[in-house]
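First up is the structure itself, then whatever we jot down about it.
In what follows, chains carry the letters A, B, and so on, assigned in the order in which the sequence lines appear, proteins first and then strands, with residues in each chain numbered from 1.
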Amino acid sequence: MRLSRYFLPVLKENPAEAQIVSHRLMLRAGMIKQSAAGIYSWLPLGFKVLRKIENIVHEEQARAGHIPFQMPILQSADLWRESGRYDDYGEEMLRMKDRHGRDLLYTPTAEELVTDIFRSHVGSYRDLPLTLYQIQWKFRDEIRPRFGVMRGREFLMKDGYNFDLTKEDALHAYNRHLVSYLRTYERMGLQAIPMRADSGPIGGDNTHEFLVLAETGESEVFYDSAVTDIRLGSREIDYDSVEACRAVMEQFTALYARTDETHDAAKFAEVPEARRRVARGIEVGQIFYFGTKYSEPMGATVQGPDGKPVPVHMGSHGIGVSRLLGAIIEASHDERGIIWPEGVTPFHAGVVNLKVGDAEADAASEAICAAMTAAGLEPLYDDTDERAGAKFATQDLIGLPWRITVGPRGLKNGVVELTSRRTGESEELPPEEAVKKLIAIYEGHLVRGM
RNA sequence: CGGGCUAUAGCGCAGUCUGGUAGCGCGUCCGUCUGGGGGACGGGAGGUCGUAGGUUCGAAUCCUGCUAGCCCGACCA
């Protein structure tokens, strides 16, 4: 992409409305624009990252055997009356009427609708297990939205629902989700710690939240510092194996890690003092097992092997897709701007032409972009007439993890500069070598963008 | 929803107390010079001062209502 033809309205100064760093940087980097309190337009750069995050979620869901589908944003109140949640949800649910006076609502979550789909079409235990998920916009009419996309009213969320014959099967689904979520976050360059949580309006008694440690987090968290040493890494896990999933779940949840909602001071005191940590965290996902809470009242049953109808055991699982952008930035930035992890970066590298109009610099820059594109990498080619300082400042702000600087000075010696955004380290290389190095860096990190 | 605050050019702000018809920086447009960390000089464009009403010869400025946004709290992914 040529920067001169892209739409990247960066701001030099901090907008007054933004208080926390991720909100400030998203506005300054031209990723979002507020439309109303807690409601944002996604400008091209922000939209690109959003799509990459979505695609990682999709890929990891597919790997775990979960099936994508989509439910509507506006839902009839009828099903919600059936479950009793139309009244329970309160003012947070945005309600409206259509021209016929029918009650509609903007979905804050979708247990009712998916349960209705299930009961309409699934009748036999032979159809189980089943896990359906969607990535869809949600709305929760927060009293006080704040912190940009971290606490918006409209937000993009992956929500999944598992249907199983028995509690044991549903707990396997729970563990399988826990593992797949860990993989998902790790691919985004994030460490998200599963913490025992409170189930809130979803209900149920088995639930974990995934927290990214960050000073600006909305939740106070208490944990044994040893949990931060556990990584899934590159190990292969058989999602069909009850044992394998349970082992990972046990490994990640054995140590003390809780949010303030479930914090138990007595149990926390058992953690060796040197490893006790009190910090803040951003919630980026949550998984629930809630048994027959919805299937029973809504009549979501299957016939078992004995021919008798039994209510299915369910769970639901969510990833805050739009909120993840804020979480990633909170966890990865410096005073100059964002630092994208390779897995989610909107462009794989910035190609900065320091002397646009110079035949050699133009040709070398374009050749680098062509070679990157041929290898499946997306360059952001800064072909504008800005001065070097301004170009670098923009690159630093928008946070592409790698920059190739092309200028007459280097080209005289047949080299360009490859610079890491994270470390600031540069090395001079012939253009082909720089591209080769990028290809190696991104091995295993390629995600479809937009 | 309780408490506090704000609204003046695309962004950040001054001007409001003490009423006299709007200004600064950045950005933007044109030109010249410049060219490896937000460059210099010159010349432009851009605002019915959130909105409705009131006071006044005269309102960005004083008064009232409304709307929107921000902060703290309660709530929440």
C1' atoms of B/G53 and B/A59, separation to the nearest Å: 13 Å
Polar side-chain contact A/Asn14-B/G12 base: donor and acceptor under 3.5 Å: no
Gap in Å between the two P atoms, one belonging to B/C29 and one to B/G10, rounded: 15 Å
Main-chain N/O of A/Gly217 paired with A/Arg280 side-chain donor or acceptor, under 3.5 Å: yes
Contact check, side chains of A/Ile230 and A/Leu255, non-hydrogen atoms, under 4.5 Å: yes
N or O in side chain of A/Gln34 less than 4.0 angstrom from B/C70 OP1/OP2: yes
Phosphate OP1/OP2 of B/G38 contacted by A/Arg336 side-chain N/O (<4.0 Å): no
Nearest-angstrom distance, C1' atom, B/G50 to B/U16: 16 Å
Any N/O donor-acceptor pair, A/Arg144 side-chain to B/G3 base, under 3.5 Å: no
Span that lies between the C1' atom of B/G23 and that of B/U61, in whole angstrom: 15 Å
Side-chain N,O (A/Lys12) to OP1/OP2 (B/C26) below 4.0 Å: no
hbond_proxy A/Arg151 side chain to B/C75 base (donor-acceptor, 3.5 Å cutoff): yes
Any N/O donor-acceptor pair, A/Arg28 side-chain to B/G12 base, under 3.5 Å: no
From B/C70, B/G38, B/G35, nucleotide with atom closest to A/Asp385 side chain: B/G35
Distance between C1' atoms of B/U56 and B/G19 (Å, rounded): 9 Å
Heavy-atom donor-acceptor pair, A/Glu417 side-chain to B/G36 base, under 3.5 Å: yes
